[in-house]
Undergrad: 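One structure, as structure tokens, below. Some questions next.
First listed ligand is number 1; within each ligand, the first listed atom is number 1. The structure presented is a predicted model; accordingly, all values stated were derived computationally and were not measured.
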Amino acid sequence: MLIISINAGSSSLKWQLFQMPAKKVIAKGMIDRLGTEQAEFKVSYGQGQKFKQTEAILTKESAATLVLTRLKSLKIVEHLEAIKGVGHRVVSGGEVFDRSTVIDDHVLLQIENFSELAPLHNRTEAYFVRVFRDLLPQACQVAVFDNAFFAHLDPINYLYPIDKKYYDQYQVRKYGAHGTSHRYVTLRAAELLDKPVTETSLITLHLGSGASVSAIKSGQALDTSMGFTPLAGIMMGTRSGDIDPSIIPYIMEKEHLTDVREVIKALNNQSGLLGVSGLSNDKRDIDAAAAAGNQRAQLAQEMFNNRIVKYVGSYWALLGKTPDALIFTAGIGENDQGVRLAVGQALAHLGVKIDPQANDMRGQERLISTPDSQVKVYVIPTNEELMIAQDTYDLTAKE
Ligand code: AMP
């Protein structure tokens, strides 16, 4: 059965076509700069074949149509009717969805209604659901919610210590983010540990441009560093992570700002690695500058590691026991040996020992702790697309 996973952003569309249940990637691609005359359309398929073209792709309809027509013209699929399921990454399922769900009209309306919680994402994602529903009427459309993995947090962990009316009236709470990634590495870690997932306790570190740390107890999320929005938690590429909220009016006063959204924008777009270093939000640039002696880049590196250590330490305590493993994933988690080594060294007093050789290897899934480390440490490349395809396949097969 062919299943396509869709990850739609405001100016990009990423997709992967899977043969399920074999979990085989038949083709994958993306459109960048969607909505412009110079959109970039890229596909890789077959035995390393590639297709790339820069062209005008002005609407979401034309983007989706182009993906499907190219699937046919490149002979990746013979008939579009062979695509039986379309899995959509949806950023917010609010408090309603605790699992992936077949999308009917009612679900689609709810996705649109959650736009307040994820203004940059849900509306676009819902729009693409409508587009693909029109283009592939035979296929089952499935929503895979990014925060569903955190739907079962205990109120002790998801409520903020503020007047409870804000939760009761406006649903102000921790929703979490990157749930599909934390869920994927949790399932994969249980396999690697050879334990039932329901008996697996972990601390999972999704370190990409956006970054979050989660505590996993008995295979379920216990707590996570992302909050009401993805601005909370550890330091990120351009986002501050946790700060004292009193800083916001103080900066407004000092900078003579009248619109609070300007400060929130700065916390989202001009902070984190970029803000501290003054150089870049890209960890590779920070690492290169730090190695060349740039002190602000070194400070950004150290602050980035320090925030991670603080979260891991607090989640270790919250779990109430030594976790079975720490898991590093996403762009920085998978590729930056310096972060893994620094975090491992800071946790040495808790029995963590990183094997420098395994840590320095590149790319693949592997154990990076020494045999005498009291907790295993793994690098597990995340695969949100496979998780989306798997959920979509499971639900499509049931329909
Ligand atoms: P993601 O959002 O998961 O795509 O991750 C993007 C982040 O991963 C960016 O900060 C990149 O600089 C970082 N990254 C990718 N490759 C490397 C690498 N080899 N070393 C350090 N950071 C990397």
Side-chain angles (χ1 to χ4, degrees), residues 5 7-16 28-32 40 42 44 89 91 120-121 146 176-185 188 204-214 224-226 230-241 268-292 294 296-305 307-308 327-344 354 356 358-366 368 378-388:
S5 76
N7 184 351
S10 52
S11 64
S12 71
L13 175 66
K14 288 189 216 158
W15 57 272
Q16 282 196 24
K28 60 179 171 182
M30 75 177 298
I31 297 175
D32 248 335
E40 220 175 67
K42 285 192 236 170
S44 54
R89 174 189 183 224
V91 164
L120 296 178
H121 295 100
D146 227 16
H178 308 133
T180 309
S181 175
H182 287 284
R183 179 158 66 102
Y184 173 77
V185 298
R188 192 65 201 126
T204 51
L205 299 97
H206 176 105
L207 309 178
S209 333
S212 59
V213 180
S214 294
T224 190
S225 62
M226 286 295 204
L231 181 53
I234 57 176
M235 176 170 161
M236 300 174 231
T238 60
R239 287 175 243 163
S240 60
N268 267 305
N269 302 331
Q270 301 296 329
S271 305
L273 292 172
L274 173 64
V276 175
S277 72
L279 284 174
S280 171
N281 63 329
D282 191 302
K283 190 63 168 50
R284 284 165 291 200
D285 298 340
I286 302 295
D287 292 347
N294 183 303
R296 276 181 67 177
Q298 289 166 357
L299 179 65
Q301 265 184 337
E302 283 170 27
M303 284 175 66
F304 186 81
N305 298 342
R307 301 283 153 139
I308 297 169
I327 313 296
F328 285 91
T329 193
I332 298 171
E334 291 164 30
N335 297 303
D336 192 323
Q337 65 270 53
V339 167
R340 296 189 300 257
L341 190 65
V343 170
I354 301 287
N359 186 40
D360 281 355
M361 279 160 55
R362 293 210 73 93
Q364 72 272 41
E365 184 177 272
R366 65 196 184 278
I368 59 163
Y378 287 97
V379 172
I380 301 182
T382 195
N383 198 340
E384 289 156 283
E385 291 75 18
L386 175 60
M387 203 81 266
I388 292 170

Undergrad: What residues sit with at least one heavy atom under 4.0 Å from ligand 1?
TA: G208, S209, N281, D282, K283, R284, D287, A330, G331, I332, N335, D336, R362
Undergrad: Do E365 and R188 meet the salt-bridge criterion of a basic N to acidic O distance under 4.0 Å?
TA: yes
Undergrad: Do S12 and D32 have side-chain atoms, one donor and one acceptor, less than 3.5 Å apart?
TA: no
Undergrad: State, with a plain yes or no, whether a side-chain heavy atom of I332 is found less than 4.5 Å away from one of F304.
TA: yes
Undergrad: Can you label the angle between the H182 ring and the H206 ring as parallel, tilted or perpendicular, going by 30° and 60°?
TA: tilted
Undergrad: Using a 3.5 Å distance criterion without hydrogens, assess whether the side chain of R366 forms a donor-acceptor pair with backbone atoms of Q364.
TA: yes
Undergrad: Taking atom types as modelled and ignoring hydrogens, do the side chains of E334 and T329 form a donor-acceptor contact shorter than 3.5 angstrom?
TA: yes
